[in-house]
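Notes to accompany the following structure.
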Amino acid sequence: MMIVELIDGDDFRDRLVALGIRIPEHACPETCARMALLKHMEVGVPGLQELVREMMDKSDVLLPSVRAAIERFLLPGLR
């Protein structure tokens, strides 16, 4: 039996924080995505587009709330 680690809101937040985006602890995925987009629009966030692409390539292991936040805020904002 193969066990797959799902990417939840905390994982999403941690990955964004690793890119230098300040996000409050326990922020929901929607808040994380909005804050990441704002930071990207203000000063740019190196690695954000790659992170979004990587996460969407693994959409089968993204929790629906994380996938929805990325699709709603980051995908349109990064085009």
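Quantities reported herein were computed from a predicted structural model and do not represent experimental measurements. Numbers here are sequence positions counted from 1.
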request  = Please name the pair of heavy atoms, one in Cys32 and one in Ile23, separated by the smallest distance, quoted to 0.1 Å.
outcome  = SG-CG2, 3.8 Å

request  = Provide the closest heavy-atom pair for Gln49 versus Leu78 in the form atom of the first, atom of the second, distance.
outcome  = NE2-O, 3.1 Å

More than 12 heavy atoms of other groups within 6.0 Å of Met41 CE = no

query = Is there a chain of hydrophobic side chains (I, L, V, M, F, W, Y, each step under 4.5 Å between heavy atoms) that links Ile70 to Leu6?
reply = yes

Interatomic spacing from CG in Leu75 to CE in Met56 - rounded to 0.5 Å = 5.0 Å

inquiry  = Once side-chain contact (heavy atoms from CB on, under 4.5 Å) is applied, do any residues pair with Ala33, and if so which ones, sequence neighbours excluded?
reply    = Phe12, Ala69, Phe73, Leu74

ask   = For Leu48 and His40, which heavy atoms make the closest approach, and how far apart are they?
value = CD2-CB, 3.7 Å

inquiry  = Nearest 0.5 Å, please: how far is NZ in Lys58 from CD1 in Ile7?
reply    = 5.5 Å

ask   = Pairs in or reaching into residues 8-29: which pass side chain to side chain donor-acceptor pair (under 3.5 Å), with residues at least two apart or in two chains?
value = none

Nearest non-hydrogen partners of Val45 and Ala36, listed with the distance = CG2-O, 4.4 Å

task = Could you list all the side chain to side chain donor-acceptor pair (under 3.5 Å) pairs where at least one residue sits in residues 60-76, not counting sequence neighbours?
result = Glu30-Arg72

ask   = Going from CZ on Arg53 to CG on Asp57, what distance comes out if it is rounded to the nearest 0.5 angstrom?
value = 8.0 Å

